[in-house]
Chemist: 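I have a structure here, written as structure tokens, and I will follow up with some questions on it.
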Amino acid sequence: SRKVNPADESEIEFKFTLTNTGNQDDTYTVEVETALGSGTYKDWRMEFENDNDERTDTIVAPTDLPGATDPELAKNERIDITLFVTVALDEDEDLYEDISISASSDNDNTQLEFLYFNLTVILPNIRLSDDPKDFYIDPDSGIEEDDSVDINVRVYNDGSAETDKFYVVF
């Protein structure tokens, strides 16, 4: 499980290793799924990157992976795979999703392994103060005609995520 602060990142990379534990060279179909189906959850995207710099929810390893030089994994050979998860940042509440990655042998489809994990996105709860004293202009700023000034505003984060990035739109 990994907790993510969406103000800091909206795309998360999960790296894992696929190992051929069989007795012959093989390729593997690798797929990502959630409880709601393959590759997507709400506006989230869960994808692998293939050797054409395209993103997809299913790949054949090692063939489709960037930098792969051999068409198959030899016995006990390992290859690193990265899953890219892009999280929608416009949600109103903390989010989580159980994600599974499956790898099935293309030579023997009875050989199927799963990797399960949970991704939790904790959202900050930003609000502006409603106290008029918390909106002020520095009295020493010396405002003259046609000047612009900075208005100081007190902002609260009532959520459980830390953030130093947010946007205020008037």
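None of the values given here were measured: they were computed from a predicted structure. When reading the values below, keep in mind they use all heavy atoms of this one structure, side chains included, and skip hydrogens, waters and symmetry mates.
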Chemist: Indicate yes or no: at least one non-hydrogen side-chain atom of Y28 is less than 4.5 angstrom from one of S104.
Modeler: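 No. Closest side-chain heavy atoms not under 4.5 Å.
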Chemist: Taking only residues two or more places apart in sequence, or in another chain, which ones meet E49 in a side-chain hydrogen bond (donor to acceptor under 3.5 Å, both in side chains)?
Modeler: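 With neighbours one apart ignored, the set is R55.
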Chemist: Mind checking whether T58 and V30 have side chains closer than 4.5 Å, heavy atoms only?
Modeler: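 When only atoms from C-beta onward are counted, V30 and T58 do not touch, as no gap falls below 4.5 Å.
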Chemist: For the pair K75 and E77, find out whether any cationic side-chain nitrogen is under 4.0 Å from an anionic carboxylate oxygen.
Modeler: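 Answer for the salt bridge query: no.
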Chemist: Ignoring hydrogens, what is the shortest heavy-atom contact between P62 and A68? Give both atom names and the distance.
Modeler: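 Distance-wise, the nearest heavy atoms are O-CB, 3.0 Å.
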Chemist: About how many Å separate OG1 of T56 and CD of E31, when rounded to the nearest 0.5 Å?
Modeler: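 Between E31 CD and T56 OG1, I get 9.0 Å after rounding to 0.5 Å.
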Chemist: Short question: side chain of N50, backbone of N52 - any donor-acceptor pair under 3.5 Å?
Modeler: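 Yes: the side chain of N50 pairs with the backbone of N52.
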Chemist: When rounded to the nearest 0.5 angstrom, what distance separates OH in Y116 from CD in E33?
Modeler: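 Reported value, rounded in 0.5 Å steps: 9.0 Å.
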Chemist: If we only count heavy atoms from C-beta on, is the L18 to L73 side-chain gap below 4.5 Å?
Modeler: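 Result yes, sub-4.5 Å side-chain heavy-atom pair found.
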Chemist: Going through the checks in order, is the side-chain contact (heavy atoms from CB on, under 4.5 Å) test met by D51 and L65?
Modeler: CA-CA 5 Å; D51 58 345; L65 295 173; over 6 Å; no
Chemist: Can you check whether F84 and F48 have ring centres sitting under 6.0 Å from each other?
Modeler: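 They do not qualify: ring centres at least 6.0 Å apart.
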Chemist: Just wondering, do V32 and S100 contact through their side chains at under 4.5 Å, heavy atoms?
Modeler: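 No, their side chains stay 4.5 Å or more apart.
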Chemist: Measuring only between side-chain heavy atoms, which start at C-beta, is F16 closer than 4.5 Å to L115?
Modeler: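 They are in side-chain contact.
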Chemist: Would you mind telling me which of D57, T86, I99 makes a side-chain contact (heavy atoms from CB on, under 4.5 Å) with M46?
Modeler: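 Running side-chain contact (heavy atoms from CB on, under 4.5 Å) over D57, T86, I99 with M46 returns exactly one hit, I99.
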Chemist: Please answer: with hydrophobic residues joined when any side-chain heavy atoms are less than 4.5 Å apart, are I101 and L112 in the same cluster?
Modeler: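 No; tracing contacts between hydrophobic side chains, which count when under 4.5 Å, never links both residues.
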Chemist: Identify the two heavy atoms, one from N20 and one from G22, that lie closest to each other, and give their separation to 0.1 Å.
Modeler: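 Closest heavy-atom pair between N20 and G22: OD1-N, 2.8 Å.
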Chemist: In chain order, what residues pass the side-chain hydrogen bond (donor to acceptor under 3.5 Å, both in side chains) check against D64, with sequence neighbours excluded?
Modeler: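 In terms of side-chain hydrogen bond (donor to acceptor under 3.5 Å, both in side chains), with neighbours along the sequence ignored, D64 is linked to no residue.
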Chemist: Give the intermediate values and the outcome of side chain to side chain donor-acceptor pair (under 3.5 Å) for residues D106 and T29.
Modeler: CA-CA 7 Å; D106 291 339; T29 299; 2.8 Å; yes
Chemist: Just verifying a value: how many Å separate T19 OG1 and N76 CG, rounded to the nearest 0.5 Å?
Modeler: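 If we round to the nearest 0.5 Å, T19:OG1 and N76:CG are 8.0 Å apart.
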Chemist: What's the spacing between E72 CD and T63 OG1 if we round to 0.5 Å?
Modeler: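 Those atoms lie 7.5 Å apart.
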Chemist: Using modelled atom types and a 3.5 Å cut-off, is there a donor and acceptor pairing between side-chain atoms of D26 and backbone atoms of N107?
Modeler: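 Pair found, side chain donor or acceptor close to backbone of N107.
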Chemist: Is the shortest side-chain heavy-atom distance between T17 and I81 below 4.5 Å?
Modeler: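 SC-SC contact between T17 and I81 ruled out.
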